[in-house]
Amino acid sequence: MATHRVENQPPPLENYNVFLSDRALVEAVAREAPGASSSELVELGALAGKPETIALGFDANEHLPELRTHDRYGHRIDEVRFHPAWHELMKRATAYGLHGTPWEDTQPYPHVRRAAKFFVWSHVESGHGCPISMTYAAVPALRLQPEIASM
Ligand SMILES: Cc1cc2nc3c(=O)[nH]c(=O)nc-3n(C[C@H](O)[C@H](O)[C@H](O)COP(=O)(O)OP(=O)(O)OC[C@H]3O[C@@H](n4cnc5c(N)ncnc54)[C@H](O)[C@@H]3O)c2cc1C
C-alpha cells in the first residue's frame, strides 16, 4: 500500500564505531587503564556498529527460545532451542573475552578492558549478556569453593 514520503526521520544508526563514538567511555578507559592497548575495543566497536551485527540482536529478540519436551519418537528431551542469532552473539562475545577470560589475562587492567568491551557489546543485544556476565562474575565465588569448582 502506498504511503507518504517519510522525511522527518534520521538515517539508521549503523556503520559507526560504538567505542570511538563514545567519548566518555574512551576517556574512562584511558583514565582507568592507562597505557593499555585499545585495539581490541576499537575492533569490537566497529563490529558492534555494523548493520549485520545489529540485525543479529533484532533476530535474537524476535525469535524466542523454544522448549521441545519430546523428540519425534516420544522420548523426553526437554531441549531448549535458540535461534542461530543467539549462538552468533555468544560466539562473538566469547571470542572477545567478555566471559571469564580476565581472570587469566596477564596483560594490565584485564577487568577494566573487559568491562569496557562488555559496555560496547551491550549496545547490540542485552539478553545474551546474562550468561556472559554470570560466567565472568562466578569465578571468584567458585575459587572460594574448590570442591564445586572441580566438578
Ligand atoms: C540483560 C541481562 C539480564 C540478566 N538477567 C539475569 C537473570 O534473569 N538472572 C540472573 O541470575 N542473572 C541475570 N543476569 C546476570 C547478572 O545480572 C549479572 O550481570 C551477573 O551476575 C554479573 O554481575 P556483575 O556484572 O555485577 O559482576 P560482578 O558482580 O561485579 O562480578 C565480579 C565478581 O568478581 C569479584 N571481583 C572483582 N574484582 C576482583 C578482584 N580483583 N579479585 C577478586 N575478585 C574480584 C567481585 O567481588 C564479583 O564477585 C543478567 C545480566 C544481563 C546483562
Side-chain angles (χ1 to χ4, degrees), residues 9-71 75-151:
Q9 296 294 310
L13 183 59
E14 58 190 26
N15 287 319
Y16 73 110
N17 192 304
V18 175
F19 173 61
L20 291 177
S21 62
D22 189 335
R23 187 172 160 188
L25 183 61
V26 171
E27 287 181 11
V29 171
R31 184 181 64 242
E32 303 297 330
S37 166
S38 60
S39 60
E40 219 185 12
L41 261 165
V42 174
E43 200 182 297
L44 187 64
L47 183 64
K50 285 187 177 176
E52 50 273 33
T53 311
I54 296 167
L56 288 175
F58 279 88
D59 280 345
N61 280 284
E62 281 164 20
H63 301 277
L64 297 179
E66 287 173 23
L67 173 62
R68 304 280 170 111
T69 53
H70 296 80
D71 70 9
H75 301 122
R76 184 106 205 190
I77 52 170
D78 286 340
E79 183 182 282
V80 180
R81 286 200 194 160
F82 283 76
H83 186 272
W86 287 106
H87 296 285
E88 288 303 315
L89 290 168
M90 301 277 279
K91 256 191 241 164
R92 285 164 177 69
T94 51
Y96 280 90
L98 305 188
H99 55 318
T101 50
W103 303 108
E104 294 199 325
D105 188 340
T106 53
Q107 297 303 307
Y109 308 106
H111 294 278
V112 174
R113 289 187 283 109
R114 182 255 169 206
K117 284 189 286 184
F118 193 85
F119 190 86
V120 165
W121 194 241
S122 296
H123 284 245
V124 175
E125 201 284 323
S126 295
H128 79 293
C130 175
I132 294 293
S133 60
M134 291 169 87
T135 45
Y136 162 70
V139 174
L142 285 172
R143 283 182 175 166
L144 292 176
Q145 280 203 279
E147 72 279 14
I148 293 180
S150 66
M151 287 169 78

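Whatever order the structure lists them in is the order used to number ligands and atoms, beginning at 1.
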task = Quick one: look up the protein heavy atom nearest atom 32 (C) of ligand 1 and list residue, atom name and how far away it is.
result = Tyr136 CE2, 3.8 Å
request  = Do me a favour and list the nearest non-hydrogen protein atom to atom 35 (C) of ligand 1 with residue, atom name and distance?
outcome  = Pro140 CG, 3.4 Å
inquiry  = Within the protein, is there a heavy atom lying under 4.0 Å from atom 21 (O) of ligand 1?
reply    = yes
task = Please report which non-hydrogen protein atom sits nearest to atom 43 (C) of ligand 1, along with the residue it belongs to and the distance in Å to one decimal place.
result = Trp103 CZ3, 3.9 Å
inquiry  = Just to confirm my output: which protein heavy-atom neighbour is closest to atom 14 (N) of ligand 1, and how far is it?
reply    = Cys130 SG, 3.1 Å
ask   = If you measure from the Lys or Arg side-chain nitrogens to the Asp or Glu carboxylate oxygens, is any gap between Arg31 and Glu27 under 4.0 Å?
value = no
message = Is any side-chain heavy atom of Phe119 closer than 4.5 Å to one of Asp22?
response = yes
ask   = Hey, is atom 30 (O) of ligand 1 touched by any protein heavy atom at less than 4.0 Å?
value = no
note = All heavy atoms of Ile54 vs all of Gly49, minimum pair found to be CD1-O, 3.8 Å
request  = Quick one: closest heavy-atom pair of Leu47 and Thr53, and the distance?
outcome  = O-OG1, 2.7 Å
inquiry  = Closer than 4.0 Å and a protein heavy atom, does any atom meet both conditions relative to atom 51 (C) of ligand 1?
reply    = yes
The one among Ala141, Gly129, Ser126 that brings a heavy atom closest to atom 1 (C) of ligand 1 = Ser126
message = Is it the case that ligand 1 has an N or O less than 3.5 angstrom from some N or O of Ser133?
response = yes
request  = Just do the side-chain contact (heavy atoms from CB on, under 4.5 Å) check on Glu125 and Leu56 with the steps written out, would you?
outcome  = CA-CA 8 Å; Glu125 201 284 323; Leu56 288 175; over 6 Å; no
Side chain to side chain, Tyr136 and Trp103, heavy atoms closer than 4.5 Å = yes
inquiry  = I'd like to check atom 47 (O) of ligand 1 in this structure: does the protein have a heavy atom lying under 4.0 Å from it?
reply    = no
inquiry  = If we only consider heavy atoms of Met134, is any one of them less than 4.0 Å away from an atom in ligand 1?
reply    = yes
key: Asp105 with Arg113: basic N within carboxylate O range, under 4.0 Å   = yes
inquiry  = Is the terminal nitrogen or CZ of Arg92 (NZ for Lys, CZ for Arg) located under 6.0 angstrom from the six-membered ring centre of Tyr96 and within 45° of that ring's axis?
reply    = no
query = Starting from atom 23 (O) of ligand 1, which protein heavy atom do you reach first, and at what distance in Å?
reply = Ala137 CB, 3.8 Å
query = Once the angle between the rings of His63 and His83 is folded into 0 to 90°, is it parallel (under 30°), tilted (30 to 60°) or perpendicular (over 60°)?
reply = parallel
request  = Check whether any protein heavy atom sits under 4.0 Å from atom 41 (N) of ligand 1.
outcome  = no
